[in-house]
2 protein chains.
Amino acid sequence: MDLKKKFRELVMKRKGYQYVLNIVHWDSATEAPKEAFERRAEMTSMITKDMFKLRTSQEYQDVVYGLYEQLDNLDDTLKREIKKEKKDLDKIVKIPEDEYVEYQKLIELSQHLWEEAKETNDWDKFKDKLEKIVAFNKKFVDYYDIDDLPYNIKLDEFEEGMTIDIYDEFFGALKKDLVPFVQRILTEGKPLKVDVSKDAFDPDKQKDFCNYLMGVFDFNQDRGLMKESVHPFTWNTHPKDVRFTTRYLENYVFSSIFAAIHELGHALYEQQIDSKWNDTLLSGGTSMGIHESQSRFYENIIGRSKAFWEVHLPKFKETFPTQLKDVSVNDFYRNVNKVESSLIRVEADELTYPLHIMLRYEIEKKLFNNEITVDELPTVWNDSMEEYLGIRPETDRDGVLQDVHWSAGMFGYFPTYALGTAYSAQILHTMKQELDLEKLVKDNEIEQVNAWLKDKIHHFGGSKSPKELLKEVTGESFNPTYYIEYLKEKYTEIYL
Amino acid sequence: MDLKKKFRELVMKRKGYQYVLNIVHWDSATEAPKEAFERRAEMTSMITKDMFKLRTSQEYQDVVYGLYEQLDNLDDTLKREIKKEKKDLDKIVKIPEDEYVEYQKLIELSQHLWEEAKETNDWDKFKDKLEKIVAFNKKFVDYYDIDDLPYNIKLDEFEEGMTIDIYDEFFGALKKDLVPFVQRILTEGKPLKVDVSKDAFDPDKQKDFCNYLMGVFDFNQDRGLMKESVHPFTWNTHPKDVRFTTRYLENYVFSSIFAAIHELGHALYEQQIDSKWNDTLLSGGTSMGIHESQSRFYENIIGRSKAFWEVHLPKFKETFPTQLKDVSVNDFYRNVNKVESSLIRVEADELTYPLHIMLRYEIEKKLFNNEITVDELPTVWNDSMEEYLGIRPETDRDGVLQDVHWSAGMFGYFPTYALGTAYSAQILHTMKQELDLEKLVKDNEIEQVNAWLKDKIHHFGGSKSPKELLKEVTGESFNPTYYIEYLKEKYTEIYL
């Protein structure tokens, strides 16, 4: 059979497997009964095995490497698909199958152990597994036999083209400019007049408000939905089925609101991707970083702007008439931008957030460069917290054990959170030359912002690399200056 | 490889496919966004194809037929699995693959067409497809080359061992005894004092009451859940993940309550099946008829009993304090057992329900015996309605187009509804010799009823045929007398 036809056929099969696994994952994260877990793992492993077998089959390799040999004769779409896939395949086929299976088992087991270790604040319980996970990752990178630093290879897996050099420059700038700025805000900043962030707000009414937000952001509810889960996330199978979650904490109303707007950012990106990529390996957003740039754009640049609350505070007050009687737009705006030194990344404010990421990046870099051992992680973590944020976790639960990523072997993922946020400021700089964003937000015409992002970024799906995309949209390569300037300007105005 | 080991491996793979398809189906029936449909069909077809390929593969046939040859040396479980599977396989492998695929496509298309035809009351739109479906079913039965009447073969597919002879005797008894009895109730029955069935009841509070019912029936919520869907149904992947739905109609509160109890019956059956059958082809309830016997037992024999409402009417009144102030237990009991001639099967009361089924059985029998054509169905339907229930549908939507089954090619399914209901009365007869059911219901100790049913029926899963099971539980073969007596006694007491 024609190689191209065979490739498409195998890709569709992979997509079928991925599709059903995605639905099962959605189900398990949002509603499956507690005791369904064990059997689910057994059943889905049948599909996972089929998927792995397909991808490592001689047939699939013949097709991908066969097409790679005639790369110059392929159209742009297929060319990019084959280049991406060949890069992945080069790695996968070098891992001995039994080690791959062993690693998958380790990962699955470790995530449960991590949960328990976190709950019981027991670092020792998790440490051995983490050591093994790190060792496996180093060994796999060795197998790949690529002439580059191990951590560079990991970074590229989560954001195509990113390197230690680029991140060092980025985080170096943050350390130089942002750490002292945060210190200044924390010591000299004007205090809030009121603080409603920990007041009680009826969860059912929070839900009503989040439903209202779906309308505000013009999310297409015939092609997606919002639900509830412990950890908010966005999930998609294709542009006509994009779902996201938020969570309702009675005593932390901003959690549901900003999780919802954050995930709406991811979800709008996915809904606006052209369906012509559906059957290709270029479906979905192009990278972690670009995805995060969209979620942060909606969450922070729109959702934490004064213009936004000028329009929507009345609705919020209507939803919660008693709690907010005397709160002005300005006071509320300062509330949603409250800066504080906090221990937990996912609860950090816009200004201190990147420092949490910087800490993780530095630790991962040293770990993969053999400068520190897993054993030293808790101390290194706590020392860095003190240095950057002026507070020291009293427990590992609030320190090194707080995030799931490492238990899943995801090293190189964290930096994309800060990178994406920085991308969003760079994109904002361009957008402002073409759109009056503040006016659109005030006029409640966010669909025009969506249209701009669709045209510049979303519709391309994965057909352009993050580097290409950023260059085409903003006219320059990644430049962290916009981000630092954006933060300084916004928080100077609010606090100093 | 050892045949037994290979068989188990292939069964587990089939179960993996079935598991993910089940989850996707649950998702699509309870929450998936509207426009997700098309892509879902494309994606799940990848899995369906794999599943069909596995089952018709030479490897699978070699294993099943190979084990069949050594049937006498197999343990009881494997023996029953292989006998069942060989019987199915004998049929499946005789259908040419291209015709099977064509039929699957026809079925998928027809279900949509049926929906449209029902909505627009347009029989002609659906008729041609139904003709093709019937023709395919007749042709397939021909391929099977089994020495039996075509409709007997269809009946056996939905209830192992059932035949036209047995059903003819059953429905003959219903026609002789029940039709005139229903006529008498409808003309001479004492009218209800109050009728709250069409009053407005807040759907959110209906939901609260259904949640309460889960507790009453001792449904394990760590191993299942209740949700909402347009058509209530029960769904299970294994005993630790059993889910069901109900629906909340503001002006028909009994819909949510009795759908919930009915589905709870199915769900309790599935939850109580021994997990030792999980990895075998004997997992799940043993047949449609036995399943329906359980759902009807809970819905009608418990849920529509006076004892039940003596205990739970207070809670119902607490949930809806204004609507039911002056309604006595006896009036309420008569309300939930209101008898009327109605056009729609799924809304029919306990007494007239089997007549709806009888009508469908007779039509299917004639259709497969070439006594009537698809063209004549609307007229035959309406004439029978007039004969059995004294009313004539004014539209096909309220007549021949009302049910989904035929559009899905399910001929031989309907009679199991009435059969199961009749089984439940026969089982009740035995139960009463061992348990004081009325007292247990009054003492709110339904878990003891569950325990009895688990011990006698549920835990066996599919390891016994419906015939064996009924014989072992009740000491005799299927005997419709119990059912007719039960109905006459109950409704004489209420109405005459």
Side-chain angles (χ1 to χ4, degrees), chain A residues 9-28 30-51 53-54 204 219-227 235-244 267 271 275 278-279 283, chain B residues 9-28 30-51 53-54 204 219-227 235-244 267 271 275 278-279 283:
Chain A
E9 197 184 86
L10 293 169
V11 164
M12 287 305 279
K13 214 162 171 188
R14 265 182 71 188
K15 281 180 177 272
Y17 294 140
Q18 198 53 62
Y19 175 91
V20 293
L21 290 174
N22 277 352
I23 301 259
V24 172
H25 175 248
W26 170 259
D27 179 80
S28 99
T30 61
E31 72 174 48
K34 217 163 107 181
E35 295 189 30
F37 168 77
E38 216 176 312
R39 185 69 172 175
R40 176 169 61 241
E42 243 179 331
M43 291 288 99
T44 53
S45 78
M46 302 291 153
I47 307 293
T48 318
K49 268 185 220 156
D50 272 6
M51 198 160 68
K53 245 186 224 160
L54 183 155
D204 282 342
F219 176 75
N220 185 340
Q221 294 188 61
D222 285 338
R223 301 182 171 187
L225 57 89
M226 178 178 73
K227 219 170 155 186
W235 163 102
N236 65 298
T237 54
H238 53 91
K240 290 186 181 173
D241 191 355
V242 181
R243 314 184 191 186
F244 68 95
Q271 276 196 340
S275 62
N278 276 359
D279 294 352
S283 61
Chain B
E9 199 183 86
L10 292 170
V11 164
M12 286 305 277
K13 215 163 168 187
R14 263 182 71 186
K15 282 179 176 273
Y17 294 141
Q18 197 55 61
Y19 175 92
V20 293
L21 290 175
N22 277 352
I23 301 259
V24 172
H25 174 247
W26 169 259
D27 179 81
S28 97
T30 61
E31 71 175 50
K34 216 162 109 183
E35 296 190 28
F37 167 78
E38 215 177 312
R39 185 70 173 174
R40 175 170 61 242
E42 243 178 331
M43 293 286 98
T44 52
S45 78
M46 303 290 152
I47 306 293
T48 317
K49 269 185 222 158
D50 273 6
M51 198 159 70
K53 246 187 225 159
L54 183 155
D204 282 342
F219 177 75
N220 185 340
Q221 294 188 60
D222 285 338
R223 301 182 172 188
L225 57 90
M226 178 179 73
K227 218 171 154 187
W235 164 102
N236 65 299
T237 54
H238 53 91
K240 290 185 180 172
D241 192 356
V242 181
R243 314 184 190 184
F244 67 96
Q271 275 196 342
S275 61
N278 276 359
D279 293 352
S283 61

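What you are looking at is a predicted structure, and each value in this text was computed from that prediction instead of being measured. Residue numbers begin at 1 in each chain, while the letters A, B, ... track the order of the sequences.
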Task: Region of B:E31 in contact with chain A, defined by heavy-atom distances below 4.5 Å - done: both
Task: Contacting moiety of B:D27, where chain A heavy atoms sit under 4.5 Å - done: side chain
Task: Selection from A:D222, A:T44, A:T237 maximising heavy-atom pairs under 4.5 Å formed with chain B - done: A:D222
- [ ] With a 4.5 Å cut-off on heavy-atom pairs, point out which of A:H238, A:K49, A:E38 contacts chain B the most.
- [x]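 Result: the option with the highest number of such pairs is A:H238.
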Task: Ring geometry between A:F244 and A:F219 (parallel below 30°, tilted from 30 to 60°, perpendicular above 60°) - done: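 Correct class here is perpendicular.
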Side chain from CB out, backbone as N, CA, C, O: work out which of these in [X] comes under 4.5 Å of a heavy atom of chain B, or both, or neither.
| X | answer |
| --- | --- |
| A:N22 | neither |
| A:N278 | both |
| A:K227 | side chain |
| A:M46 | side chain |

- [ ] With sequence neighbours excluded, tell me which residues meet salt bridge (Lys or Arg N to Asp or Glu O under 4.0 Å) with A:R40.
- [x] none
- [ ] Considering non-hydrogen atoms only, spot the tightest contact between A:V242 and A:Q271 and give its length.
- [x] CG2-CG, 3.7 Å
- [ ] Locate the shortest heavy-atom distance separating A:V20 from B:V24; write the atom from each residue and the value.
- [x] CG1-CG2, 3.9 Å
TODO: Using the side-chain contact (heavy atoms from CB on, under 4.5 Å) rule, pick out the option among A:R223, A:K240, A:R243 that qualifies with B:P33.
DONE: A:R243
Open item on the list: Regarding B:D50 and B:K13, does a basic nitrogen lie under 4.0 Å from an acidic carboxylate oxygen?
Closed with: no
Open item on the list: At a heavy-atom distance under 4.5 Å, which candidate from B:R39, B:E42, B:K34 has the highest pair count against chain A?
Closed with: B:R39
Open item on the list: As an exercise, state the distance from CH2 of B:W26 to CG of B:D241, rounded to the nearest 0.5 Å.
Closed with: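 Result: 9.0 Å between the selected atoms.
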